[in-house]
Amino acid sequence: MYIDTHCHMSRNDYNDIPFLIDKIRKSGVNKIIVNGCSIESSKEVLELTKKYDIVYGAIGFHPTELDTFKESDLEWLEEHINDDKIVALGEIGLDYHYDNTDKNKQNYAFKKQLEIAKKYNKPIIVHSRDAIQDTYNILKEYNLKGSLHCFGSSLEMAREFIKLGYLIGVGGVVTFKNAKNIVNVIKNIDLEYILLETDSPYLTPEPYRGEQNDSSYIPLIANKIAEIKEIDVEVVEKTTTANASGIFDF
Ligand code: NI
């Protein structure tokens, strides 16, 4: 059985969620962590966890969705962080990709959420884009664990995050032709530091790239990792599921 440690499942993206849940279940994925990015999507996550047995949740505020962010959102987060089936804070982090980015606001919201994670002893699911050094410098100050979701940096940085207690989230990008970086990371770190994820509805793995992604494609990512590490896919399945169970309290 597989676990998708990072995906999204908004009504805005999928019009038939019961069908989707059924499809995921049939693919051999029996747990998925649906991530919120704003207060609205985090509320959707709470609803989904109540409705579907395979759905677990991460709630939090994404760095590029902070336009309407206000202090009271943090109170809401604290009120719900210990709700049933909420296994992490996510998707949180830093994203300096766009020129109009308010770095101060991102840093503030990230740190505030890390403080909540620390207070309630919750793992975190981290988004980091064009901001790896700042992400590292901040995480170094907090003694937390979690996932570096959709890891896109170097092998050296992967090793540094692993030292801090983080696991490396690997998704559909690994199946892309230009995936040199993450292939190199996978080759050179132990399987016990790898988590599977889809980040659906984005980043659909080959051969479905361009179509809508969902958690049922997790086995394609596992197959690719098995190929890269020259091991049986069953080992990837077993180990990554154990890795996820070790970090997130299902
Ligand atoms: Ni995501």
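Both ligands and their constituent atoms are indexed starting at 1 by order of listing. Quick note: residue numbers are just sequence positions, from 1.
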**Request:** Taking Asp95 for its side chain and His97 for its backbone only, find out whether a donor-acceptor pair lies under 3.5 Å.
**Result:**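 Side chain of Asp95 to backbone of His97, a donor-acceptor pair under 3.5 Å: yes, one is there.
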- prompt: Does NZ or CZ of Lys119 come closer than 6.0 Å to the centre of the six-membered ring of Tyr142, within 45° of the ring's axis?
  reply: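 The answer is no; the distance or angle limit is not met.
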Is the Tyr208 to Tyr217 ring centre distance short of 6.0 Å?
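Yes, the ring of Tyr208 comes within the 6.0 Å limit of the ring of Tyr217, centre to centre.
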*Strictly under 2.8 Å, is any N, O or S atom of His8 next to the Ni ion (ligand 1)?*
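Under 2.8 Å: His8 contacts the Ni ion (ligand 1) through an N, O or S atom.
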Check your understanding: Hey, what's the angle at the Ni ion (ligand 1) spanning OD1 (Asp199) and NE2 (His6), nearest 10 degrees?
Key ->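 Vertex at the Ni ion (ligand 1): approximately 90°.
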I need the Lys85 NZ to Tyr52 OH distance, nearest 0.5 Å.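 It is 11.0 Å, given to the nearest 0.5 Å.
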Name whichever N, O or S atom of Glu91 ends up nearest to the Ni ion (ligand 1).
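This residue's closest N, O or S atom turns out to be OE1.
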